[in-house]
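Counting convention: from 1, in listed order, for ligands and their atoms alike. If you're wondering where the values come from, they're calculated on a predicted model, not measured in any experiment. The first residue in the sequence is number 1, and the count goes up from there.
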Amino acid sequence: MKTHIKARLEAPDAYPPRSVGGEDGGPVPEDRVPWSTDLPGYDPPYFVAQRVLDNDRTKTPGGWADPEDVGRVTRDIVSFEGSIRRDADGRPLNACGRTGIAGRGLLGKWGPNVAADPILTRPGSGGGPLEMLAIRRRDNGLWAIPGGMVDDGEEIAATLKRELEEETGVRVDLNDAIEVHRGYVDDPRNTDHAWMESVVVVKHLDAAAAAALEARAGDDAVDVRWMPITEQTLAAMHASHGSIVRRAVEVLRGRGVVVMRSSDRVVSGKPC
Ligand code: RP5
C-alpha cells in the first residue's frame, strides 16, 4: 500500500496544524492513513485558502479554481491512481489516504491537481555524480524539478515545455524524453480532498548540449542550478521529487547512462 509522509506531517505556513481532531489532536497515525482503516472520531480542521475562493471559475473570469460546492463541479474528477472514493458529502478522497486537513487548502481543484515535471540531466563534472537542472521554489525555498500545473485544456506535452522555459529559461525538445512517473505526488499542500498528481519525464543531455543552455530563474523559481544527484540533495527536495528523481536515475542507468561514482550510489525508492 502506498502512503504519504509530507502530506501527513508537513504543511505550508497558512495551514492549520494537521490533526485527527478531538481534544488530543495530533497527526494521523501512520497505520491509520488508509481510508480502509478505522479512525473513530476523525475530524480534521477544514481549510481553504482565500486565494482559492477568489479564483472560483464560476464567479471570477479567468479563475483557476473549482467552486467551493463540490456538487457544482461539472468536469470529471479522475485520477492517475485509479477510481476515486468520495465521502458522504461527495468530496473526492485523497488517493493515498488521510492527511489531517479537510477542504482544498491552497489547491484549486477538488481531487487531483495535475502538474507536469521535466527532469533534464547531464554528466557530472570531473567524474562526479549525474546532475539535474533544479529550481529553488519561491514558496518554500526547496530545490525541485522545474514543473507546474497543467492549465485547463492544455496538453501535458505543452505544459512540460512551457514550465521548463518559464522556470529555467531553457528550451529543449522533449519529444524523446522518457516518462518516469504518472501519479500521486506527496506534496505538503495535499489535503483529504485535494492533492497533487504529476507526469514526470527525464531527458539526458550530453555535456556539450547542456553547456549550450543558458539557464536563468523565472516565474515561481528564485534560483536555478545544475544540482548533483546525491542522497543528500534528493532527501532535501520539495514534495516527493527526490523519490521521483531516484526513479529517473534508475531508468537512465538501465539505458546505459553513467550515473555516478559507486560511492555516491542512489538507492531505489517508490514515490507516492
Ligand atoms: C509539485 O508541485 C508538482 O510535482 C509540481 O512540481 C508542482 C506544481 O505546483 P506549482 O509549482 O505550480 O505550485 O507537487
Side-chain angles (χ1 to χ4, degrees), residues 2 4-15 48-49 51-52 55 63-66 79-81 94-96 99 101 104-121 132-152 154 156-170 174 177 179-191 193-203 217-225 227 233-234 236-248 269-272:
K2 289 181 174 182
H4 44 211
I5 299 166
K6 299 195 176 175
R8 185 173 74 87
L9 299 174
E10 296 180 15
D13 291 344
Y15 283 35
V48 55
R51 184 149 58 95
V52 170
N55 276 283
W64 40 262
D66 286 337
S79 168
F80 293 136
E81 298 289 343
N94 187 304
C96 272
T99 68
I101 299 275
R104 286 173 291 164
L106 281 162
L107 300 175
K109 295 196 169 81
W110 290 103
N113 288 250
V114 179
D117 293 299
I119 304 171
L120 290 186
T121 59
M132 66 170 283
L133 193 62
I135 55 118
R136 190 191 284 276
R137 292 177 62 90
R138 188 179 303 279
D139 61 354
N140 59 14
L142 298 177
W143 290 97
I145 308 167
M149 301 290 189
V150 178
D151 290 340
D152 290 338
E154 188 177 37
I156 285 172
T159 313
L160 288 163
K161 199 164 165 256
R162 175 176 61 72
E163 287 289 341
L164 182 64
E165 190 170 346
E166 285 177 5
E167 299 206 335
T168 71
V170 160
L174 293 170
E179 186 173 307
V180 293
H181 179 75
R182 180 177 284 252
Y184 192 80
V185 177
D186 184 10
D187 189 294
R189 293 170 293 186
N190 291 354
T191 70
H193 304 118
W195 61 94
M196 292 301 310
E197 296 191 5
S198 186
V199 175
V200 186
V201 300
V202 65
K203 175 165 175 149
D219 199 31
D220 292 336
V222 292
D223 201 359
V224 61
R225 69 164 169 153
M227 184 180 84
T233 58
L234 292 182
M237 288 187 83
H238 163 72
S240 49
H241 284 194
S243 301
I244 295 170
V245 173
R246 271 196 190 95
R247 171 81 193 124
K270 194 171 181 188
C272 179

Inset, instruction - Name all residues meeting the side-chain contact (heavy atoms from CB on, under 4.5 Å) criterion together with R51; count only those two or more places apart in sequence or in a different chain, and write none if there are none. - result: N55, W64, L106
Legend entry - Protein residue, atom and distance nearest to atom 7 (C) of ligand 1, heavy-atom basis: R137 NH1, 3.7 Å
Legend entry - Atoms of ligand 1, numbered as shown, that sit under 4.0 Å from any heavy atom of M149: 9 (O), 12 (O)
Inset, instruction - Measure the CD-OG1 distance between E163 and T168 for me, rounded to the nearest 0.5 Å. - result: 10.0 Å
Legend entry - Proximal ligand 1 atoms for M196, defined as those under 4.0 Å from one of its heavy atoms: 8 (C), 14 (O)
Inset, instruction - With heavy atoms of G147 as the reference, note each atom of ligand 1 found under 4.0 Å away. - result: 11 (O)
Legend entry - Atom pair CD/CZ of E179 and R247 - distance to nearest 0.5 Å: 10.5 Å
Inset, instruction - Grab the two heavy atoms, one from A144 and one from M132, that are nearest each other, plus how far apart they are. - result: O-CE, 4.5 Å
Inset, instruction - Give yes or no for whether the N/O distance cutoff of 3.5 Å, strictly under, is met between H241 and ligand 1. - result: yes
Legend entry - atom 1 (C) of ligand 1: the protein heavy-atom neighbour that sits closest, reported with distance to 0.1 Å: D187 OD2, 3.4 Å
Inset, instruction - Check each atom of ligand 1 against the heavy atoms of G148 and keep those under 4.0 Å away; list them by number with element. - result: 8 (C), 12 (O)
Inset, instruction - Not counting sequence neighbours, which residues clear side-chain contact (heavy atoms from CB on, under 4.5 Å) with A248? List them please. - result: I119, V180, V202
Legend entry - Protein heavy atom at shortest distance from atom 13 (O) of ligand 1: R189 NH1, 2.8 Å
Legend entry - Residue K161 excluded, over 12 heavy atoms near NZ under 6.0 Å: no
Inset, instruction - List every atom of ligand 1 that sits less than 4.0 Å from any heavy atom of H238, numbering the atoms from 1 in the order shown and giving each element. - result: 1 (C), 2 (O), 14 (O)
Inset, instruction - Could you tell me whether the side chains of N94 and T99 share a donor-acceptor contact shorter than 3.5 Å? - result: no
Legend entry - Whether over 12 other heavy atoms sit under 6.0 Å from I5 CD1: no
Inset, instruction - Starting from atom 4 (O) of ligand 1, find the nearest protein heavy-atom neighbour and note its residue, name and distance. - result: D117 OD2, 2.7 Å
Inset, instruction - Taking only heavy atoms of A115 into account, list the atoms of ligand 1 that are under 4.0 Å away from them. - result: 3 (C), 5 (C), 8 (C)
